[in-house]
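The structure appears right after this line, and notes come after that.
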Amino acid sequence: MTQINYEKGRIPGQESGIEIRHSLCDICSPGMHCGLDVFVKDGKILKVEGTEGFPINNGKLCTKGAGNRQYVYREDRILTPLKRVGERGEGKFEPISWDEALKLISEKFLQIRRDYGADKVAFYSGYSKHYRFMLRRLASVFGSQNYGTESSSCMTSGLMAWLIASGMPMGMNMPNAELVLGWGANGFHSRYPMIRNMYKNMEHGLKVITVDPRITPASQRLASLHLRPHLGTDGALALGIAHVLIEKDWVSHEYIQKYVHGFEEYREYVKAFTPERTYELTGVPAEDIYKAAEMIHEAHGICVPESSTLGHHRNGMQNYRAIMSLLIITGNVDVKGGQVPAPHSFMERNCGFETYEEEFMEERWPKDAPKAIGADRFPLWYELRKDMQANALADNILKQDENSVRAILALGMNYRMFTEDAKYIEAIKKLDMFVDVDLFLTDTAKYADIVLPACTSLERETFMPYAGGQVWMTKKAIEPLGEAKPDTEIISLLAQYMDLDDDLLKGGYDACLKHILRDLPVTLEEMKASEKPLKLPDIKPYVFGTMNEKGWPTPTGKLELYSELIAAHPEWGLDPLPTYTEPYNPDPEKYPFRLCAGARIPNALHSRLHDVPWERSLLPEPSVEMSMEDAERLGIELGDDVEIFTNIGSLTFKAIPTATVMPGDVFIYHGYREKDINSILDGTNLDPYSGFPAYRSAYCGLRRCA
Ligand code: SF4
């Protein structure tokens, strides 16, 4: 008789000694955070699968999530606190105790606060994000406004655009939509659940317009119409579509009259964006612009997914505004199937219930402290966000004057995410103290004076809310490796060691959560006892039209095409209308190629997975995608070495000629330490509205290497 080897077959049960523990993947954005079934034996992870019935992933995992076991057990996991013994960047450290590390940090931070002021210590958060509400409060209680995050370059530009237009975060009501404007959205490479919902809704007639310079899985499998504007010209395209909508009288006059401010000024402005001129600016043929306008006119219920990509241009936030304006003038905001209010429940996500997270972060805000770094250069960012704009941090430090930061507490910082990133290393070298909390001894951590070991989401409990009023405390699948600790515990320990005046922070993660979740009808203990997310009772669906009738939290109480907030500050030098400016090219003759640094690939999230063997194997070498036409013209073949040069520097990549890329464009994925594309992007090429770098509309030259 055949013997079943339960252990080898990874079959859970008594025979194999394998147990399934329910945990969480938090490799990508909190908008996902999929349920994981972790197969564990003797405290070790054998494999992971997606949790059936889980709100986001329902049994599925993406390429990245499937690599969780390799991610957790990466060889460069930091297992003890470390103190630098070599030069900064050399990577020479000695292990020290938690007590010694926390004392060294606390004494130095308090000394800097005493001698130079609290704002000379900056607090920074990269990935992950679950602890941010505590880190924000730690900075405030310490007395520093200089709290910033990787959101200085992520999704916030789009959020800012909605804050200007409506005064609040907005989201899609896709189940009732007839048309999705999939602008820069390729859910096959990121934000997978959106694709599942789109497919489901397409069965009921949903149509999709994909707007992307490349041919992508989304453009091929979902789109009824694919518009391919040149990189960074999305705003011009949106204004061109608006021109047709207005010319054809396909706008909603009644809606505009009741709920919209600034239509006349906007109409005047878009007059110049005829389809012919829009074609010249964007490369999108006039007939496609008409077609898009017609589809918008015919649909009842149109919405736009969130997409970080649109903010990564010098004109990024204005591009967002121009796209959103299409929904406003056609009456698709705060209506069934349109864009609807999405106030944040937790971690900037709308889950259908309220918490005290924002109050928790804001109530101890040091009101008399100097404004955060970047407030003078990016005043709109600061007005709407009140955070430090991290893209201005290196310049602040390198100035070495009385306003310069002298120490940073960074959690998951990756200096390579900044453009012209060598500046960040120069800046870090000037600090009196740099503390990095991370899972791995990353290139950034190597420059730290003290490194503290954090643990992955599989080694801790994490509060997670999901849409529709679902809440859960995820389970620890294994004990933290070595002496690693949850980031939240590290923040709480720092508050204790510095003896800051805050019993909540000192009380730890659970105490803080209980405080901010105090009005929920289920307790933290009930969430911990459950094996899956709990559904809160009495979650009331949003009543469409509420905000239109009640009035929006904007200066005029209406949806603003013309921003009265910006108009009230002429000293900012920003435009109240969603105006268009061309991407910046320092020398069109020398740099004729449009360069997108950071197009998504399915096996990576920035650089987080480049050292995970399964993931790396899918695109092992730093590569540049270019059109077949350009490759042929320049005599370049697959796998050839190609030099990419900008006004900052040059790097070589392996060529991938492809039919998915338009002539004149090149696409490079970022985060490869050996060919770091951000190191040759101009660090001054930033969006004056948001402070975001122009990762996706830079310019370069290209030649085949000898
Ligand atoms: S990386 Fe993949 S599996 Fe993990 S949370 Fe994101 S979408 Fe889910």
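Both ligands and their constituent atoms are indexed starting at 1 by order of listing.
Near H33, the atoms of ligand 1 lying under 4.0 angstrom from a non-hydrogen atom of the residue are 5 (S). Taking every heavy atom of L61 and a limit of under 4.0 angstrom, the matching atoms of ligand 1 come to 3 (S).
Between E49 and R10 there is no salt bridge, since none of the side-chain N atoms of the basic residue sits less than 4.0 Å from a carboxylate O of the acidic one. Between R214 and D665 no salt bridge is recorded (no basic side-chain N to carboxylate O distance below 4.0 Å). No salt bridge links E357 with R132; every basic N to acidic carboxylate O contact stays at or beyond 4.0 Å. In this structure, D234 does not pair ionically with R696, as no charged nitrogen and carboxylate oxygen lie closer than 4.0 Å.
The side-chain tip of K64 does not point at the ring of Y71 from less than 6.0 angstrom away and within 45° of straight on. The cationic group of K129 does not satisfy the cation-pi geometry with Y131, failing either the under 6.0 Å distance to the six-membered ring centre or the 45° limit from the ring axis.
Here the heavy atom of the protein found nearest to atom 6 (Fe) of ligand 1 is C28 SG, 2.2 Å. Closest to atom 2 (Fe) of ligand 1 among all protein heavy atoms lies C62 SG, 2.2 Å. Distance from atom 3 (S) of ligand 1 to its nearest protein heavy atom, with residue and atom name: G65 CA, 3.5 Å. Closest to atom 4 (Fe) of ligand 1, if we only count protein heavy atoms, is C25 SG, 2.3 Å. Closest to atom 8 (Fe) of ligand 1 among all protein heavy atoms lies C34 SG, 2.3 Å.
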